[in-house]
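This report refers to the structure that appears directly beneath it.
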Number of protein chains: 2
Amino acid sequence: MHSPPAVLAELPRGDVLARDCPSRQILQHVTSRWGGLVMVALGRETLRFAQLRRRIGGISERMLAQTLQVLEADGLVARHDHGEVPPRVDYCLTAAGWEIATRVFALTDWIETHLPELLAERAEKAQALG
Amino acid sequence: MHSPPAVLAELPRGDVLARDCPSRQILQHVTSRWGGLVMVALGRETLRFAQLRRRIGGISERMLAQTLQVLEADGLVARHDHGEVPPRVDYCLTAAGWEIATRVFALTDWIETHLPELLAERAEKAQALG
DNA sequence: GTAAGTACCCACATAAATGTAAGTATCCAA
DNA sequence: TTGGATACTTACATTTATGTGGGTACTTAC
């Protein structure tokens with residue numbers, strides 16, 4: 001009758017409402033300004049750096065590179081460097097990344113679908129104040 | 001045979017990958033550092049300002065107030081001022097807010113549940129680099 | 001009468017995120 | 001041979017987000 005490793009025992013589950021829970025970091029990475037969009041874009045297909053940049057309107061090279069690095073460090077996206085010249089690198093989701101992307105997509109999809117209503121509501125409220 | 005109002009015709013549906021699509025603003029509001037946590041907290045029950053502040057570890061009064069205002073302007077949370085003294089105000093989700101909160105919760109819940117694996121993965125990668 | 005709670009707002013300062021422009025080494029098409 | 005594409009990185013400047021501490025007007029509990 002032995003208990004699980006100390007590390008796991010101390011981390012049975014995260015709690016995003018807790019101030020110092022590491023789950024917040026992951027959450028922030030996948031919900032950062034560009035993080036979520038990268039997940040959504042990769043949720044459809046494997047893409048190369050420049051392709052991603054074109055899909056995600058408005059993202060700069062710098063932010064795309066940085067975002068991809070963070071997501072890769074979290075084990076959510078996988079980077080495949082073909083070692084060719086000129087460079088050829090493609091990005092796709094890992095198993096965990098796919099799980100998360102699915103949920104991010106559920107969110108973005110609902111918002112996209114109900115945008116007209118959402119905007120109408122917002123406009124009404126704005127006018128009520130004026 | 002007439003077409004729908006121009007406004008709606010031009011906005012059949014949002015696209016978060018598009019640079020100037022307003023859906024991005026909504027998305028950012030509900031995935032901002034505190035926005036998502038407020039949605040999750042209110043997803044469980046109606047709460048007063050000070051209660052929310054206690055539930056969401058680390059949030060400042062300033063950010064809570066600001067976040068609530070943005071979410072209210074988007075029509076996702078409703079503010080009820082009982083007009084009493086000392087002040088008594090409570091916050092809850094609107095119908096649209098509930099839809100979104102459900103999806104944000106699906107995301108946070110998956111992350112919370114799989115935190116141990118996620119952290120283990122991250123630790124491995126970090127060590128691989130050193 | 002002193003302290004704490006309620007729901008905030010405001011000014012100020014700092015921290016974090018993001019953008020811009022340039023540079024790298026190589027290849028291919030015009 | 002000039003221009004564009006590839007996948008980045010770096011330095012610098014700026015914008016945005018966030019925190020801190022204080023104040024308000026009033027009540028209840030000690």
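Throughout, a chain's letter reflects where its sequence line sits, starting with A, and its residues are numbered from 1. Owing to the predicted nature of the structure, the values given are computational and were not obtained by experimental measurement.
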Could you say whether A:V89 or B:V85 is positioned toward the 5' end of DNA chain D, judged by the nucleotide with the nearest heavy atom to each?
-> A:V89

Between A:R33 (CZ) and C:dA16 (P), how many Å, whole number?
-> 19 Å

Please state whether the phosphate of C:dC8, meaning OP1 or OP2, lies under 4.0 angstrom from any side-chain nitrogen or oxygen of B:R79.
-> yes

Of the listed nucleotides D:dT6, D:dT9, C:dC8, the one nearest the side chain of A:E61 = D:dT9

For B:Q28 and D:dT16, what is the distance between atoms CD and C1' respectively, to the nearest whole Å?
-> 11 Å

Check the distance between D:dT16's P and B:M63's CE and give it to me in whole angstrom.
-> 14 Å

Rounded to whole angstrom units, what separation is found between the CG atom of A:D81 and the P atom of D:dT9?
-> 11 Å

Of all the choices, C:dA11, D:dT9, D:dC8, which nucleotide is nearest to the side chain of B:R62 once you look at every atom?
-> C:dA11

How close or far is atom C1' of C:dA17 from atom CD of A:Q69, stated in whole angstroms?
-> 15 Å

N/O donor-acceptor pair, side chain A:R88 with base D:dT6, under 3.5 angstrom | no

Can you tell me the distance, in whole Å, between the CD atom of A:E84 and the C1' atom of D:dA5?
-> 14 Å

Determine: side-chain N/O of B:Q66 to OP1/OP2 of C:dC8, distance under 4.0 Å, yes or no.
-> no

Which nucleotide in the list D:dT18, D:dT9, C:dA7 gets nearest to the side chain of A:A65?
-> D:dT9

Given atom CD1 of B:I56 and atom C1' of C:dA7, what is their separation to the nearest angstrom?
-> 15 Å

As its Watson-Crick or G-U partner within any shown strand, both distances under 3.5 Å, D:dC30 has C:dG1

Decide yes or no for A:V38 and A:H29: does some side-chain heavy atom of the first lie under 4.5 Å from some side-chain heavy atom of the second?
-> no

Do other residues, nucleotides or ligands put more than 12 heavy atoms under 6.0 Å from A:W110 CH2?
-> yes

Minimum-distance nucleotide to A:R48 side chain [options: C:dT26, D:dA7, C:dA7] = D:dA7

So do B:L76 and B:M39 actually touch side chain to side chain, heavy atoms under 4.5 Å?
-> yes

Given atom CD1 of B:I59 and atom C1' of D:dA17, what is their separation to the nearest angstrom?
-> 13 Å

State, with a plain yes or no, whether a side-chain heavy atom of A:I26 is found less than 4.5 Å away from one of B:H114.
-> no

OP1 or OP2 of D:dG19 sitting under 4.0 Å from any side-chain N/O of B:S60?
-> yes

A:R122 side chain to B:D74 main-chain N or O, any donor-acceptor pair under 3.5 Å?
-> no

